[in-house]
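For reference, the structure discussed in these notes is given below.
Quick note on labels: first sequence line is chain A, next is B, and so on, each numbered from 1.
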There are 2 protein chains.
Amino acid sequence: MTIKDVAKVAGVSIATVSRVINKDTSVSPVTTKKVKKAIKEINYIPNTVGRNLRKSKSEMILVMLPTLSNPFYSKILKGIEERATEQGYGVLISVTHHDVKVERKYLKMLTTKQVDGAISLFSKLSLQEINDLASNYPFVQCCEYTEDAKLSYVMIDNQNAAYEATQYFIKKGHQCIGMISGSFYASSEKLREQGYKNALIEAGIDYDPTYIMKSNYKPESAMEICQTLLQLDPAPTALIAVSDTLAIGAIKYLKSIGMEAGVDIEIIGFDNASIASLYEPSISTVAQPRYDLGTTSVELVIEKINNLHSVNKKIILPHEILFRESTTSKK
Amino acid sequence: MTIKDVAKVAGVSIATVSRVINKDTSVSPVTTKKVKKAIKEINYIPNTVGRNLRKSKSEMILVMLPTLSNPFYSKILKGIEERATEQGYGVLISVTHHDVKVERKYLKMLTTKQVDGAISLFSKLSLQEINDLASNYPFVQCCEYTEDAKLSYVMIDNQNAAYEATQYFIKKGHQCIGMISGSFYASSEKLREQGYKNALIEAGIDYDPTYIMKSNYKPESAMEICQTLLQLDPAPTALIAVSDTLAIGAIKYLKSIGMEAGVDIEIIGFDNASIASLYEPSISTVAQPRYDLGTTSVELVIEKINNLHSVNKKIILPHEILFRESTTSKK
DNA sequence: AATGTAAATGTAAACGATTACATTGACTGG
DNA sequence: CCAGTCAATGTAATCGTTTACATTTACATT
């Protein structure tokens with residue numbers, strides 16, 4: 001069932017059929033009716049591949065997630081989808097599982113014209129690759145970015161967020177603060193570590209890298225790290241974890257040795273995962289404006305689709321620290 | 001940069017270039033080298049849209065998820081991706097957010113030939129729509145199915161899983177067992193409710209529908225339900241929740257009134273979410289073979305891609321009940 | 001009546017690949 | 001030396017659209 005069949009049934013040319021489908025003006029009401037009837041009659045559905053080839057665009061945006069096991073991305077995606085739909089774009093998702101080969105595979109959809117643009121939530125591509133890609137195709141980053149990369153991105157001020165969290169602990173009197181970071185080599189990790197460091201130094205507290213430990217983001221890993229940190233001398237009295245899952249691991253370990261988060265040790269996580277408010281104790285956390293991160297990233301990529309050589313924008317959205325039971329110590 | 005440009009640079013016809021790209025035999029080593037050199041020289045990348053149009057296939061499979069906020073799907077997807085890759089297919093994901101309109105929108109990729117097949121993890125389409133679709137396009141279901149639908153699917157035996165969980169409680173002496181179900185009208189909900197009911201009836205225990213309550217799968221909703229259930233007379237001494245998030249909500253409520261899951265009330269959840277083993281207390285749960293559900297669904301859809309009229313397969317994979325702290329009462 | 005204008009429709013060339021079929025030329029065997 | 005074979009390559013049709021341009025027709029203007 002192609003446009004040709006419709007044309008035959010309706011007794012018009014394929015051009016006219018196409019005009020009707022695309023709501024082109026200048027086709028008489030009578031003909032329009034005939035064509036529409038024919039379309040219904042033979043149950044015709046336009047072939048998007050043919051259309052895309054001719055128009056050389058797909059009206060699709062690719063979203064690249066590092067994993068599906070982190071619900072953090074859910075609201076971002078919602079933002080992406082809603083704004084994309086508004087603008088007439090469809091959204092397709094791919095999951096890289098932190099594998100750069102998979103990432104390259106899906107980014108080929110960009111070079112092979114299967115999608116018009118791509119939003120990366122986490123990339124392991126080299127700076128060189130990113131730049132090559134972004135200079136030739138609409139490609140933007142959301143939440144994480146690659147240092148010095150020449151493309152548009154949107155994220156929060158990770159450094160400042162960690163700085164504020166650390167400062168909060170310092171103001172409360174904590175002299176020894178630990179950090180459970182991650183080993184994904186993400187920009188956010190680096191920036192948060194830097195913010196933590198800056199706050200300490202600024203407060204005249206000795207900065208000791210031993211107190212920053214890298215995890216694989218699994219709670220189990222945070223449990224081990226928490227154990228190690230507590231064996232240090234002096235032991236930290238407050239912890240900053242770069243994700244709520246890590247905060248959970250730490251709290252779990254504390255429980256296992258009879259300590260209580262928010263009483264014996266204070267903890268702040270990152271991301272405001274839904275479990276953060278449900279866990280016992282509930283977890284203080286740095287919340288990101290996830291929906292807006294999503295909508296903004298769509299705007300950035302569409303800007304690039306419309307004009308590949310538009311200026312690269314770096315957008316910083318505001319974060320918010322939510323204080324809950326895990327930071328209720330009076331210390 | 002098209003195949004024409006390559007042909008010009010290499011001094012051959014486009015057919016020869018195409019042959020080299022597709023590793024066709026019968027092109028001399030000398031010419032092959034020339035063509036490859038030209039491809040590199042002008043940095044040519046084949047346009048997949050053109051290719052797909054001509055070959056009328058996309059080598060892509062669409063996976064339709066109801067949500068991104070449930071990590072349950074992560075391992076299933078992993079299975080899907082790995083098996084699909086093995087078979088030379090790419091995987092694209094779309095999220096319906098439980099909205100049937102969104103579902104239809106993405107399923108258009110099937111009718112418009114943008115993907116070769118689709119795997120649905122949760123559908124709200126009517127039986128009629130499902131049948132229409134599945135009879136014309138490769139479309140299969142995974143984990144959830146639509147009653148009487150004429151298509152292939154793979155899932156666990158939900159009814160029996162709930163039956164076994166209920167029976168476990170009964171054997172332990174529980175006389176009053178509650179169920180926290182869901183209101184998504186999913187097949188799994190219905191089947192699990194039926195299994196629960198059958199176990200009760202078979203054990204000669206009065207079946208009272210008041211003890212089955214529907215949630216929206218959010219922990220908060222389970223908290224309310226748990227409160228209501230405990231006010232019944234008699235109050236249930238064991239609970240079956242159709243997801244681990246619901247089990248968490250119930251446990252959280254119990255804590256809030258000074259009761260302890262696994263001691264005062266026993267609870268079994270579903271899905272073996274990663275948080276189930278990390279929560280305090282850890283949660284007993286019905287685990288599904290997620291990875292295998294994924295790989296199997298790919299096999300089913302590829303079978304349909306290769307032969308749309310192949311017989312519809314209904315595959316049941318084994319589940320497993322994991323007993324943890326939330327079912328440690330000696331009662 | 002001749003001419004111009006505009007609306008409605010048709011014709012045919014793209015888009016970028018694959019592939020059936022045709023052609024070329026070198027080589028073989030009788 | 002000629003017919004036949006086969007490997008290597010080219011020509012052109014095709015996939016299903018959109019769209020620039022051409023054509024037709026009706027009507028208004030002079």
Side-chain angles (χ1 to χ4, degrees), chain A residues 1-39 42-60 88 108-116 136-137, chain B residues 1-39 42-60 88 108-116 136-137:
Chain A
M1 290 305 114
T2 77
I3 203 172
K4 251 188 205 158
D5 301 300
V6 179
K8 207 173 292 169
V9 172
V12 298
S13 74
I14 60 169
T16 299
V17 176
S18 179
R19 285 185 190 107
V20 171
I21 292 167
N22 295 285
K23 304 196 174 64
D24 195 295
T25 48
S26 92
V27 34
S28 76
V30 178
T31 313
T32 303
K33 201 165 285 177
K34 266 197 302 186
V35 171
K36 283 191 175 159
K37 196 178 146 219
I39 287 177
I42 69 168
N43 196 17
Y44 163 75
I45 299 168
N47 177 315
T48 306
V49 182
R51 170 179 301 167
N52 288 352
L53 175 61
R54 174 58 222 237
K55 304 230 272 192
S56 51
K57 50 154 105 181
S58 63
E59 241 105 48
M60 281 283 176
K108 272 205 184 127
M109 296 187 70
L110 214 44
T111 59
T112 57
K113 307 302 174 72
Q114 291 178 92
V115 296
D116 290 344
N136 291 301
Y137 304 93
Chain B
M1 289 307 115
T2 78
I3 203 173
K4 251 188 205 157
D5 300 301
V6 179
K8 207 172 295 169
V9 171
V12 298
S13 74
I14 61 170
T16 300
V17 176
S18 180
R19 285 186 189 107
V20 171
I21 292 167
N22 294 286
K23 304 199 174 61
D24 195 296
T25 48
S26 91
V27 33
S28 76
V30 179
T31 313
T32 303
K33 202 166 284 178
K34 264 197 304 187
V35 171
K36 282 191 175 159
K37 195 177 146 222
I39 287 177
I42 69 168
N43 196 16
Y44 164 75
I45 299 170
N47 177 316
T48 306
V49 182
R51 170 180 301 166
N52 289 352
L53 176 61
R54 175 58 223 239
K55 304 231 269 193
S56 52
K57 49 155 106 181
S58 63
E59 241 104 48
M60 281 283 174
K108 272 204 185 130
M109 295 186 70
L110 214 44
T111 58
T112 58
K113 308 302 173 70
Q114 292 177 92
V115 296
D116 290 344
N136 291 302
Y137 305 92

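- Separating the NZ atom of B:K8 from the P atom of C:dG16 is a distance of 12 Å, rounded to the nearest angstrom.
- Residue B:S18 is classed as a base contact, given a heavy-atom separation below 4.0 Å to a base.
- A donor-acceptor pair under 3.5 Å links the side-chain atoms of B:D5 to the main chain of B:T2, judged by distance alone.
- A:T31 comes within 4.0 angstrom of sugar-phosphate atoms only, judged by non-hydrogen atoms across all strands, and of no base.
- As rounded to whole Å, 18 Å separates atom P of C:dC15 from atom CG of A:N47.
- Using Watson-Crick or G-U wobble geometry with both donor-acceptor distances under 3.5 Å, D:dT29 finds its partner in C:dA2.
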* To do: Could you walk me through whether A:K108 and A:T111 pass the side-chain contact (heavy atoms from CB on, under 4.5 Å) test, one step at a time?
  => CA-CA 5 Å; A:K108 272 205 184 127; A:T111 59; 4.1 Å; yes
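- Among the atoms of the strands shown, base atoms are found under 4.0 Å from some heavy atom of A:I14.
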* Asked: Which is it for A:Q114 and B:N52 under the side-chain contact (heavy atoms from CB on, under 4.5 Å) test, yes or no, and what are the steps along the way?
  -> CA-CA 10 Å; A:Q114 291 178 92; B:N52 289 352; 4.1 Å; yes
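- The side chain to side chain donor-acceptor pair (under 3.5 Å) search around B:D24 returns none, not counting sequence neighbours.
- When the P atom of C:dC15 is taken as reference, atom CG of B:D5 falls 10 Å away, rounded to whole Å.
- Distance, A:R19 CZ to C:dA7 P: 14 Å, rounded to whole Å.
- Among the candidates A:V6, A:I21, A:I3, A:V27, the single residue satisfying the side chain to side chain contact (heavy atoms under 4.5 Å, CB included) test with A:T16 is A:V27.
- If you measure from atom CD1 of B:I21 to atom P of C:dG16, you get 13 Å, rounded to the nearest angstrom.
- One finds the NZ atom of B:K113 at 6.0 Å from the OH atom of B:Y137 (value rounded to the nearest 0.5 Å).
- Side chains of B:V115 and B:L110 form a contact here, defined as non-hydrogen atoms less than 4.5 Å apart.
- The residue A:V49 sits apart from the nucleic acid: no heavy atom pair falls under 4.0 Å.
- Looking at heavy-atom distances under 4.0 Å, A:S56 makes no contact with the nucleic acid at all.
- Within 4.0 Å (heavy atoms only), A:N22 reaches sugar-phosphate atoms of the nucleic acid but no base atom.
- Put simply, NZ on A:K4 is 13 Å from C1' on C:dT11, counting in whole angstrom units.
- A:T2 comes within 4.0 angstrom of the backbone, heavy atoms only, and of no base.
- Between B:L53 and B:V12, the one whose closest nucleotide on DNA chain D sits nearer the 5' end is B:V12.
- When the P atom of C:dA17 is taken as reference, atom CD1 of B:I45 falls 11 Å away, rounded to whole Å.
- Remark: C1' of C:dT18 and CD of B:E59 are 13 Å apart, rounded to the nearest angstrom.
- For DNA chain D, the contact window with chain B, defined by any atom under 4.0 Å from a protein heavy atom, covers D:dA8 to D:dG16 in 5' to 3' order.
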* Applying side-chain contact (heavy atoms from CB on, under 4.5 Å), run through A:R19 and A:V12 and close with a yes or a no. => CA-CA 11 Å; A:R19 285 185 190 107; A:V12 298; over 6 Å; no
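- For the OP1/OP2 pair of C:dG16 and a distance below 4.0 Å, the side-chain nitrogens and oxygens of B:R51 include no atom meeting the criterion.
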